[in-house]
Amino acid sequence: MMWQWIGLMVFSLTLLPAGLAMACGWVPARLRERLAPVRPRGWAFLAVYAAAPLNALPHLAEAPPGVSLALTAAAGILVVVGCLVAGLASLAQTKGTSR
């Protein structure tokens, strides 16, 4: 159980603030060119972050195995969606700079 709390705390302190800031369009000026487009990458961070509570909270609440499995599967889907959004944002940036 301790590792669930630690993982939830680490993801909440790192990915959540970064994802929220980027989804709102804020990023330090020196990173703006490297992280463009900023908003889609922020949404990708938030999708990956959403996997942490979806995986940890059912285990911490001692939910039935079926509920834990369903929410862990949903977390996996969100991670895949977040990775796809980040990849598409990176691809859009690459195509935009090659001209």
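Everything numeric in this text was worked out from a predicted model, so none of it was measured. Residue numbers start at 1 and run along the sequence shown.
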> Which atoms form the tightest heavy-atom contact between Pro17 and Leu13, and what is the distance?
Replying inline: CG-O, 3.6 Å
> Residues in side chain to side chain contact (heavy atoms under 4.5 Å, CB included) with Ala63, at least two apart?
Replying inline: Pro58, Val67, Ser68
>> Tell me the closest heavy-atom pair linking Ala44 and Gly82, and the distance in Å.
In response: CB-O, 3.2 Å
>> I need the minimum non-hydrogen distance between Ala23 and Leu46, along with the two atoms involved.
In response: CB-CD1, 4.1 Å
> Nearest heavy-atom pair of Leu78 and Ala50: which atoms, and what distance?
Replying inline: CD1-CB, 3.7 Å
> What residues, two or more places apart in sequence or in another chain, satisfy side chain to side chain contact (heavy atoms under 4.5 Å, CB included) together with Val79?
Replying inline: Ala51, Cys83
>> Taking Leu84 as the starting point, is it possible to reach Trp43 by hopping between hydrophobic residues whose side chains are less than 4.5 Å apart?
In response: no
>> Quick one about Tyr49 and Thr14 (side-chain donor to acceptor, distance below 3.5 Å, no hydrogens or angles considered), yes or no?
In response: no
>> Treating Arg41 as the side-chain partner and Ala86 as the backbone partner, does any N or O pair qualify as donor plus acceptor under 3.5 Å?
In response: no
> Would a 4.5 Å heavy-atom cut-off, applied to side chains only, mark Leu15 and Val48 as touching?
Replying inline: yes
> What is the distance from atom CG of Leu71 to atom CG of Leu54, rounded to the nearest 0.5 Å?
Replying inline: 5.5 Å
> Side-chain contact, heavy-atom cut-off 4.5 Å: Trp5 with Leu60?
Replying inline: yes
> Is Leu16 linked to Met22 within one hydrophobic cluster, defined over Ile, Leu, Val, Met, Phe, Trp and Tyr using a side-chain heavy-atom separation of less than 4.5 Å?
Replying inline: yes
>> Membership question, hydrophobic clusters at under 4.5 Å side-chain separation (ILVMFWY): are Val81 and Phe45 in the same one?
In response: no
> Between Leu8 and Leu57, is any pair of side-chain heavy atoms under 4.5 Å apart?
Replying inline: yes
